[in-house]
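Residue numbers start at 1 and run along the sequence shown. Note that the coordinates shown come from a computational prediction; the quantities given were computed from them, not determined experimentally.
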Amino acid sequence: MAHIITPLDQPSNYKDSQARVDRHTQNELLAKSTTLYVGNLSFYTTEEQIYELFSKCTTPEDGGGIKRIIMGLDRNTRTPCGFCFVEYYTHAEAKACLRYISGTKLDERIIRCDIDLGYRDGRQFGRGKSGGQVRDEHRQDYDPGRGGWGAQAQRMEAERRREVEERYNDAQDVPGAVAGGGGDWKAEHNQEATLKRARSPEDEGESGRGEPRARVDDSDHGADRM
């Protein structure tokens, strides 16, 4: 059964596209790495929260502990974008955290951990087109902990709003356009309707069916009342 169950402290098959090492060399480096990659973090998770959680598997009495935490940042805004690197003093501590902390919740999110080749300057920035992580570039769901909609969806919505505003502004420049409120058009329409309903003086003496009205003589009225 041992060969069926995947050990929880084994690194994944992920290979950094910017790491210029072959697979064999990568495995050798991972076997002694003291750096842990942490993903699927909320944009609002703080460094203090990460330190509190990931220090639970350290052994300070043996000279271990967390060496430093590098927060992942949006390349453009320099704000947290959902990942970090945690460096330990020993490889055993990194493996222990991979085993016991990966898959647990932090800020109501299931975090993912992996043994990393090691932090290099520049890796703290997102590699997505918008400055964040690539996974948030094409995400179609709404995630309030990671900036709402994905970056691509936000760009499409912004473009749609811009086109609607341009059409609205163009329509306002046209005389009598409904997009501008329709005030001029309504005034012209009401005036035309009034002219259509107007009657000539000759029509006042006609009945509704176009026949002359019968004139009632005042003397006859008086006679009837008598």
Side-chain angles (χ1 to χ4, degrees), residues 12 14-18 37-50 53 69-85 103-114 119-204 206 208-210:
S12 69
Y14 171 77
K15 187 179 187 303
D16 188 356
S17 59
Q18 296 186 1
Y37 170 87
V38 184
N40 200 39
L41 293 173
S42 167
F43 288 2
Y44 307 102
T45 300
T46 64
E47 184 175 337
E48 289 75 16
Q49 290 175 283
I50 296 171
L53 177 62
I69 296 174
I70 302 98
M71 298 296 294
L73 303 176
D74 185 291
R75 188 174 63 255
N76 300 326
T77 62
R78 296 301 195 265
T79 55
C81 64
F83 72 98
C84 74
F85 297 95
T104 61
K105 280 190 175 183
L106 178 60
D107 267 351
E108 299 302 317
R109 301 182 66 85
I110 297 177
I111 58 177
R112 298 188 299 270
C113 304
D114 200 4
Y119 171 76
R120 298 188 311 277
D121 190 35
R123 291 192 65 198
Q124 74 271 34
F125 299 123
R127 299 176 181 176
K129 183 178 180 181
S130 300
Q133 286 193 281
V134 176
R135 57 167 293 196
D136 291 317
E137 232 9 83
H138 308 286
R139 180 167 49 78
Q140 297 297 321
D141 61 320
Y142 184 84
D143 191 341
R146 295 183 68 91
W149 298 105
Q152 190 175 25
Q154 291 184 22
R155 286 196 300 270
M156 293 175 63
E157 177 62 17
E159 181 67 20
R160 187 190 68 82
R161 289 178 179 271
R162 186 184 63 80
E163 292 177 355
V164 171
E165 290 177 358
E166 287 181 353
R167 288 199 299 268
Y168 180 82
N169 293 333
D170 292 342
Q172 283 185 318
D173 296 336
V174 179
V178 180
D184 297 338
W185 178 84
K186 289 178 181 177
E188 295 175 2
H189 179 72
N190 291 337
Q191 183 179 4
E192 182 181 354
T194 302
L195 293 175
K196 287 183 178 179
R197 287 197 301 270
R199 297 171 61 86
S200 64
E202 290 79 5
D203 294 335
E204 294 180 355
E206 296 179 354
R209 294 184 179 181

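Taking CZ from Arg162 and CZ from Arg167, the interatomic distance works out to 10.5 Å, rounded to the nearest 0.5 Å. Remark: Trp149 CH2 to Asp136 CG distance equals 13.5 Å, nearest 0.5 Å. For the atom pair SG (Cys84) and CD1 (Ile70), the distance works out to 8.0 Å, reported to the nearest 0.5 Å. The structure places OH of Tyr44 at 13.0 Å from CD of Gln49, a figure rounded to the nearest 0.5 Å. From Phe125, atom CZ reaches atom CG of Asn76 across 10.0 Å, with rounding to the nearest 0.5 Å. Distance check, rounded to the nearest 0.5 Å: CD of Glu108 to CG of Leu106 gives 9.5 Å.
In this structure, Glu137 contributes its side chain and Lys129 its backbone to a donor-acceptor pair below 3.5 Å. Asn40 places a side-chain N or O within donor-acceptor distance of the main-chain N or O of Ile110, the cut-off being under 3.5 Å. Arg139 places a side-chain N or O within donor-acceptor distance of the main-chain N or O of Gly148, the cut-off being under 3.5 Å. In this structure a side-chain-to-backbone donor-acceptor pair under 3.5 Å is missing from Arg109 to Ile111. Of the possible polar contacts, none joining the Arg135 side chain to the Gly128 backbone as a donor-acceptor pair under 3.5 Å is found. The backbone N or O of Arg161 lies less than 3.5 Å from no partner atom in the side chain of Glu163, so there is not a single donor-acceptor pair.
Phe85 and Tyr119 have tilted rings, their planes meeting at an angle from 30° to 60° on a 0 to 90° scale.
Residue Gln124 comes nearest to Arg120 through the heavy atom pair OE1-O, 4.4 Å, listed as atom of the first residue, atom of the second, then distance. The minimum heavy-atom distance between Phe43 and Pro80, with the atom names listed, is O-CB, 3.6 Å.
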